[in-house]
Number of protein chains: 2
Amino acid sequence: MATDSTPHANRKVTLADIAAGCDVSRATVSLVLRGSPLVNKLTRARVEEELRRQGYVYNRAAANLRRRTSSSIALVLNDLANPFFAEFATGVDEALGGGGYVTLLGSTGESVTREQAVLGSLLEHDPAGVILSPAEGSDAGQVLRTIGVRTPLLLFNRELAGKVSPDAPWDRLMLDNQRGARLATEHLIALGQKRIAFFGGHAASSSCQQRHAGYVEAMKAAGLRIEPHWRIECAPNRVDAAAQCGALFFESPAPTAAVCYNDAVALGLMLGLYQRGIQPGRDFAVTGFDDIAEAGLSAPPLTTLASTPRARGKQAAELLLQRLREPQAEPQRIVVPVQLVVRGSSCPPATA
Amino acid sequence: MATDSTPHANRKVTLADIAAGCDVSRATVSLVLRGSPLVNKLTRARVEEELRRQGYVYNRAAANLRRRTSSSIALVLNDLANPFFAEFATGVDEALGGGGYVTLLGSTGESVTREQAVLGSLLEHDPAGVILSPAEGSDAGQVLRTIGVRTPLLLFNRELAGKVSPDAPWDRLMLDNQRGARLATEHLIALGQKRIAFFGGHAASSSCQQRHAGYVEAMKAAGLRIEPHWRIECAPNRVDAAAQCGALFFESPAPTAAVCYNDAVALGLMLGLYQRGIQPGRDFAVTGFDDIAEAGLSAPPLTTLASTPRARGKQAAELLLQRLREPQAEPQRIVVPVQLVVRGSSCPPATA
DNA sequence: TTCGGGACTTGGAACGATCTAAAAATCCAG
DNA sequence: CTGGATTTTTAGATCGTTCCAAGTCCCGAA
């Protein structure tokens with residue numbers, strides 16, 4: 001007893017060790033592990049005791065290999081450091097964990113090259129599916145080629161560039177960007193704003209295009225002019241937004257309000273405005289997009305569009321799990337509505 | 001040619017398929033894949049062509065099984081939605097990716113129960129190591145029992161509760177909480193503050209204890225009194241902090257400044273102060289801890305302690321990879337200094 | 001005493017890679 | 001040519017699990 005009760009310190013405990021330890025076959029131990037009703041109560045008890053005694057831990061990789069299954073999902077995000085995506089990831093992980101899956105994380109830092117590398121590396125671990133929020137400029141053909149057709153893909157937040165024939169063979173979960181930006185713009189117009197800029201984001205990104213389209217839609221519907229220099233591009237982060245702030249005022253007529261690409265940009269813009277002695281929420285109206293946690297805590301608090309990223313994460317995970325259950329179902333494209341949250345950063349024009 | 005150029009649509013391409021496809025053995029294909037110099041140039045070319053043609057993707061799980069290695073690291077965080085940890089995770093993932101590892105993500109939402117479940121589930125995937133920022137109240141014995149002694153553990157940010165004999169057999173990467181809080185307190189004292197509270201966090205958490213100790217240290221060194229009701233506990237998030245704000249003013253003498261457990265708490269407290277008509281940075285001084293991105297953007301911008309979470313993530317990953325290289329080295333305990341960042345939220349007492 | 005059949009158990013072949021030791025092919029000097 | 005050295009390739013076992021088909025045991029019916 002003393003001999004085998006001290007398993008060799010440098011090897012993991014396996015089924016065979018347990019089997020040897022209580023004198024049954026590996027097959028029986030396997031049945032016990034999986035709670036099969038086939039095995040006798042006494043045997044089960046004996047095996048379970050031995051499992052505990054030796055401190056066995058299941059090797060899911062081996063099981064997955066044999067069963068040709070997978071118990072992981074790859075989650076690839078363009079910017080994990082952005083609180084919006086951090087919340088999203090939390091939601092995904094919670095839901096996946098509930099479904100018995102494990103999250104393989106990859107963040108691409110908005111680089112298409114890294115995205116390819118990360119996808120490639122994660123795919124070698126044979127995930128059951130992929131949730132991807134693509135980097136800006138990420139190409140449909142390329143992504144499809146590295147993911148292959150066998151692994152289901154759920155696209156979040158952005159479309160991929162480039163057409164795929166005949167129809168994108170993946171599911172999509174998108175925010176209603178256009179409607180959201182339209183709501184924000186209409187809200188500013190209702191406050192009496194007339195000279196409204198669209199600030200931030202890159203024109204190449206699909207979500208930016210959609211948000212810009214919503215802005216244009218609202219402006220046109222209200223019969224308002226749009227000056228070309230009211231469209232300022234910048235990277236979707238605070239730093240670049242603050243740096244680009246000045247560009248709004250190079251030419252006249254200068255805008256008195258801005259619909260921003262997202263909250264990060266809006267917060268950066270407000271910072272830039274302060275540095276110019278312009279007080280957002282009084283001298284200049286600003287709206288954001290996403291309603292990240294700090295949106296309610298900035299000064300002034302930010303008027304923005306709420307998209308409840310954690311719930312989106314949960315939803316994304318559930319959509320993918322559903323797809324795994326029914327691989328043959330029609331690809332879905334879900335557009336979730338966003339909600340306007342009015343706070344202090346939107347105001348009537350100062351000179352009105 | 002036409003027959004085998006269309007691999008069966010429903011099975012993954014394996015080494016054997018490639019071997020069959022170009023009439024060599026599996027062993028040879030394996031050598032090619034791993035860039036062995038043993039294989040003839042022509043054969044290599046032939047195999048590589050076939051790999052491309054069939055769209056082979058490497059199955060790292062199978063390889064890991066055979067080689068008894070692992071190419072993943074588990075990253076378990078108590079609160080991924082907190083931007084501090086999101087940044088940290090980004091740093092970890094970047095560094096791990098560089099080392100050829102993949103990140104298995106798990107977030108515990110500050111629940112010890114979930115932490116156990118998550119750790120258990122991730123360990124079944126046989127990670128080479130674990131990076132853990134434990135949930136509040138997480139117990140050393142329990143964690144050690146589920147992780148086992150074979151898998152190296154790197155502890156970040158918090159110590160585990162309960163003693164382990166003779167010495168904790170894991171590496172630790174900690175912030176210099178005590179010194180940080182002391183610096184913040186000394187800064188307030190230098191501004192002329194005398195009635196300084198310590199606000200937020202749970203007394204059970206090690207980081208909170210350390211920060212509180214730093215505060216006490218500075219107060220004592222300056223010969224200042226500490227009233228018991230100047231120690232307010234709350235959950236380390238904005239919402240609870242805002243709700244607990246009132247507790248500071250139930251008894252006199254009321255404090256005129258507060259050293260907060262972290263930035264989230266400080267931002268919440270500032271929100272609560274506003275709601276009471278008290279303007280932080282003018283009527284009441286506030287400091288935070290972490291220097292999360294929005295600390296510089298709040299109104300007033302937050303005086304806090306910078307810990308550069310992304311760099312910490314990188315460092316954590318590198319420490320763990322180092323440990324994998326030298327499993328027998330002495331356990332390390334690294335305490336990284338934090339830097340005081342003075343911004344607008346700290347001010348002299350209003351009545352001075 | 002034999003037989004059918006439930007209730008359990010089990011040996012051995014998978015899964016997709018790697019490793020080892022040895023075979024096969026090639027080369028080259030004598 | 002031949003024999004040994006060198007280069008290249010390979011069969012088969014192996015990693016830790018699951019699956020399959022077949023085995024054992026025991027009990028009551030024929």
Side-chain angles (χ1 to χ4, degrees), chain A residues 7-8 10-48 50-51 54-72 123-128 148 150, chain B residues 7-8 10-48 50-51 54-72 123-128 148 150:
Chain A
H8 190 309
N10 230 349
R11 245 185 77 267
K12 258 166 205 160
V13 179
T14 76
L15 272 195
D17 297 322
I18 304 299
C22 53
D23 221 57
V24 297
S25 71
R26 293 175 348 260
T28 304
V29 180
S30 177
L31 290 174
V32 170
L33 280 176
R34 287 173 293 153
S36 158
L38 287 181
V39 28
N40 182 293
K41 274 196 174 49
L42 267 69
T43 318
R44 173 184 306 279
R46 228 161 18 107
V47 170
E48 276 170 348
E50 187 70 13
L51 287 168
Q54 296 205 28
Y56 171 79
V57 350
Y58 189 72
N59 184 334
R60 202 163 288 274
N64 281 333
L65 177 60
R66 176 59 175 98
R67 305 182 51 194
R68 296 149 152 271
T69 55
S70 162
S71 55
S72 58
L123 281 167
E124 292 188 350
H125 290 84
D126 188 33
R150 197 175 325 296
Chain B
H8 189 308
N10 229 351
R11 244 185 78 265
K12 258 165 205 159
V13 179
T14 76
L15 272 196
D17 297 321
I18 305 298
C22 53
D23 221 57
V24 296
S25 71
R26 289 172 358 252
T28 305
V29 180
S30 178
L31 290 174
V32 169
L33 279 176
R34 286 173 295 151
S36 159
L38 289 181
V39 28
N40 182 291
K41 275 195 173 52
L42 268 68
T43 319
R44 174 184 305 279
R46 229 165 12 111
V47 170
E48 276 170 349
E50 188 70 12
L51 287 168
Q54 296 205 30
Y56 172 79
V57 348
Y58 190 72
N59 185 334
R60 203 164 286 275
N64 281 333
L65 177 60
R66 176 59 174 95
R67 304 182 53 196
R68 296 147 151 271
T69 55
S70 161
S71 55
S72 59
L123 281 167
E124 293 188 350
H125 290 83
D126 188 33
R150 197 177 323 297

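In this text, all values refer to a predicted model and were calculated from it rather than measured experimentally.
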Spell out protein contact along nucleotides 13-20 of chain C as letters: B when the base is contacted, S when just the sugar-phosphate is, - when no protein heavy atom is under 4.0 Å; keep the 5' to 3' order. BBBBBBB-

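A donor-acceptor pair under 3.5 Å is absent between the side-chain atoms of R44(B) and the main chain of L31(B), judged by distance alone.
Between dT9(C) and T43(A), a contact under 4.0 Å exists linking OP1 or OP2 to a side-chain N or O. For T28(A), a side-chain nitrogen or oxygen approaches OP1 or OP2 of dT10(C) to under 4.0 Å.
Across all non-hydrogen atoms, the minimal contact from V13(A) to D17(A) is CA-OD2, 3.4 Å.
Interatomic distance, NZ of K12(A) versus CZ of R68(B), reported as 9.5 Å (0.5 Å rounding). Separating the CD atom in E50(A) from the CG atom in D23(A) is a distance of 10.5 Å, to the nearest 0.5 Å. Rounding to the nearest 0.5 angstrom, the gap separating the OG atom in S30(A) from the CG atom in L15(A) is 6.0 Å. Atom CG of L123(A) and atom CG of N59(B) lie 11.5 Å apart (nearest 0.5 Å).
Bounding nucleotides for the chain A contact on DNA chain D, 5' to 3', at a heavy-atom distance below 4.0 Å, are dG16(D) to dC19(D).
N64(A) and S71(A) share a side-chain donor-acceptor pair at under 3.5 Å.
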Applying side chain to side chain contact (heavy atoms under 4.5 Å, CB included), run through R26(A) and V29(A) and close with a yes or a no. CA-CA 5 Å; R26(A) 293 175 348 260; V29(A) 180; 5.7 Å; no

